[in-house]
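To start, the structure itself, in structure tokens.
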Amino acid sequence: MQADLILLLAFAAGFLAVLGTVLAFSRSGRLVRRLRQIASNQSGARRHASTASVWQQRVARVSERLARLATPQSASEVGTLRRRLMNAGIYSSDALPRFFAAKAALSLLLPLAATGLTGALGVAPPGWQGLALLLALAALGYLLPSLVISNMAARRHRSLFESFPDALDLMIVGVESGLGLDAAISRAGTEMRLRSPALAEELALVSMELRVGAMREQALRNFALRSGVEEIGGFVTLVTQAERFGTSVADALRVQADALRTRRQLLAEERAAKVPLKLLFPLIFFVFPSLFTVLLGPSVIRIWRIMLPAMQSIS
């Protein structure tokens with residue numbers, strides 16, 4: 001019995017040793033494969049990041065060279081253009097060089113593309129007509145980025161103006177429920193994400209400036225400068241004066257919200273009153289001719305058929 005028990009224990013010890021060795025090697029193999037996979041992913045990410053950074057550096061160098069062709073020398077013009085870019089929601093530090101580079105590149109590429117296309121098709125306009133076409137395309141390429149930025153700024157201006165009274169209502173609810181004005185602004189920005197992402201982004205920037213230690217008046221003035229909306233500037237002045245003179249901030253916000261809501265309603269009524277005038281010219285040039293053709297066409301044809309034999313018999 002003792003010999004059998006010793007043999008059984010020896011067999012179990014050997015089996016466990018072999019099993020542990022196999023498991024250790026298999027785990028180490030999986031670990032090695034996992035480490036190799038992580039290393040390959042990191043190296044691929046580094047290669048991708050390095051490739052992206054190289055392309056970004058090349059684009060930045062080309063943009064800087066092209067931007068020199070269209071960059072104004074006056075500091076006031078540069079500041080005005082930077083403010084226009086902020087009003088359009090573009091806050092990148094290299095937005096201004098890329099804007100000027102786009103103006104220079106389009107003013108050169110559009111005439112070159114038109115020249116190549118007309119040459120390939122064999123329909124090049126002769127003489128001064130071709131020169132006028134090239135100059136018009138160059139002017140269009142130079143003005144196109146400005147038109148795009150103006151359109152973006154106008155759309156963003158309208159979105160901010162139409163949604164700001166709702167944000168003021170949320171601020172009033174937050175202030176009257178016991179929140180401070182900073183917390184009410186942050187909460188209003190969170191709740192306005194579905195209604196107006198642009199306003200939510202601006203209020204988030206205001207909250208971020210307040211968290212890093214900026215003065216509330218300066219953060220709100222930066223908000224008004226970035227938005228370019230006159231009513232937001234009035235809101236900033238009203239809040240600043242209410243805090244300075246110790247009046248109720250909630251009452252000031254309520255007065256501003258009522259005024260902005262009334263102005264929004266008046267602008268909507270104004271746009272509605274302009275609709276008949278805007279529809280007049282399409283009706284005159286497109287709808288009325290078709291309508292007259294359908295209504296008077298059969299009568300004109302019948303009159304013509306009756307009058308034509310009578311005129312022939314008289315002649």
Side-chain angles (χ1 to χ4, degrees), residues 78-99 149-265 267:
V78 175
T80 302
L81 289 172
R82 193 177 297 277
R83 190 158 51 248
R84 285 177 58 193
L85 291 174
M86 286 193 299
N87 294 339
I90 302 173
Y91 303 136
S92 177
S93 59
D94 56 350
L96 198 61
R98 290 185 180 182
F99 173 73
I149 294 299
S150 298
N151 187 22
M152 292 174 60
R155 292 175 57 184
R156 195 165 183 270
H157 181 281
R158 181 174 178 179
S159 175
L160 292 174
F161 171 74
E162 291 181 350
S163 57
F164 193 62
D166 302 329
L168 286 180
D169 292 336
L170 293 174
M171 293 180 197
I172 293 169
V173 173
V175 170
E176 289 183 344
S177 63
L179 294 177
L181 183 58
D182 299 347
I185 291 174
S186 177
R187 185 64 180 176
T190 304
E191 296 295 334
M192 289 297 294
R193 291 191 182 277
L194 294 177
R195 173 69 175 84
S196 176
L199 182 57
E201 180 183 359
E202 290 294 337
L203 293 177
L205 288 176
V206 173
S207 300
M208 192 180 301
E209 290 182 6
L210 292 174
R211 287 196 202 100
V212 299
M215 299 295 293
R216 182 185 299 166
E217 181 179 357
Q218 185 61 39
L220 292 176
R221 292 194 182 280
N222 292 337
F223 172 37
L225 181 64
R226 289 193 306 267
S227 63
V229 181
E230 182 181 355
E231 288 76 13
I232 295 180
F235 155 75
V236 173
T237 303
L238 187 65
V239 171
T240 304
Q241 302 242 348
E243 290 185 344
R244 186 171 300 170
F245 294 110
T247 58
S248 175
V249 177
D251 294 339
L253 293 177
R254 184 174 288 106
V255 171
Q256 183 73 7
D258 293 338
L260 290 182
R261 196 175 294 106
T262 303
R263 180 169 173 76
R264 183 175 63 180
Q265 182 179 357
L267 287 178

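In this chain, numbering begins with 1 at the start of the sequence shown. If you're wondering where the values come from, they're calculated on a predicted model, not measured in any experiment.
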Smallest separation among heavy atoms of Arg82 and Leu96, with atom names = NH2-CD2, 3.2 Å

Between Leu199 and Asp166, is any pair of side-chain heavy atoms under 4.5 Å apart?
-> no

Could you tell me whether Arg264 and Glu231 have a side-chain N and a carboxylate O separated by less than 4.0 Å?
-> no

Does the pair Thr237 and Gln241 meet the rule for a side chain to side chain contact (heavy atoms under 4.5 Å, CB included), with working shown?
-> CA-CA 6 Å; Thr237 303; Gln241 302 242 348; 4.2 Å; yes

Minimal heavy-atom distance between Ala224 and Ile232, with the atoms involved, is CA-CG2, 4.0 Å

Rounded to the nearest 0.5 Å, how far does CG of Leu238 lie from CG of Leu253?
-> 7.5 Å

Which residues satisfy the side chain to side chain contact (heavy atoms under 4.5 Å, CB included) test with Leu267, sequence neighbours excluded?
-> Phe161, Arg263, Glu270, Arg271

Closest non-hydrogen atom pair, Ile149 against Arg84 | CG2-O, 4.1 Å

Could you go step by step and tell me if Leu205 and Tyr91 meet the side chain to side chain contact (heavy atoms under 4.5 Å, CB included) rule?
-> CA-CA 11 Å; Leu205 288 176; Tyr91 303 136; 3.8 Å; yes

Which class fits the ring pair Phe223 and Phe164: parallel under 30°, tilted 30 to 60°, perpendicular over 60°?
-> tilted

For Asn87 against Arg226, the heavy-atom pair lying closest together | OD1-O, 2.9 Å

What's the shortest heavy-atom distance between Glu162 and Arg195, and which atoms?
-> O-NH2, 3.4 Å

With the side chain counted from C-beta on, respond yes when Leu203 and Met171 share a heavy-atom pair under 4.5 Å apart, and no when they do not.
-> yes

Are the side chain of Ser159 and the backbone of Arg155 linked by a donor-acceptor contact shorter than 3.5 Å?
-> no

Counting only N and O atoms by type, is there a donor-acceptor contact under 3.5 Å from the side chain of Ser186 to the main-chain atoms of Asp182?
-> no

Glu202/Arg156 under side chain to side chain contact (heavy atoms under 4.5 Å, CB included): CA gap, chis, key distance, verdict | CA-CA 11 Å; Glu202 290 294 337; Arg156 195 165 183 270; 2.4 Å; yes

Start with the C-alpha gap between Leu170 and Arg187, add the side-chain angles, then the distance that decides, and say whether side chain to side chain contact (heavy atoms under 4.5 Å, CB included) holds.
-> CA-CA 8 Å; Leu170 293 174; Arg187 185 64 180 176; over 6 Å; no

Rounded to the nearest 0.5 angstrom, the CD-CG distance for Glu209 and Leu220 is 9.0 Å

Nearest 0.5 Å, what's the OG-CE distance between Ser227 and Met86?
-> 10.0 Å

Can you name the nearest heavy-atom pair linking Arg261 to Pro165, along with the distance?
-> NH2-O, 4.0 Å

Between atom CD1 of Ile172 and atom CG of Asp251, what is the distance when rounded to the nearest 0.5 Å?
-> 9.0 Å

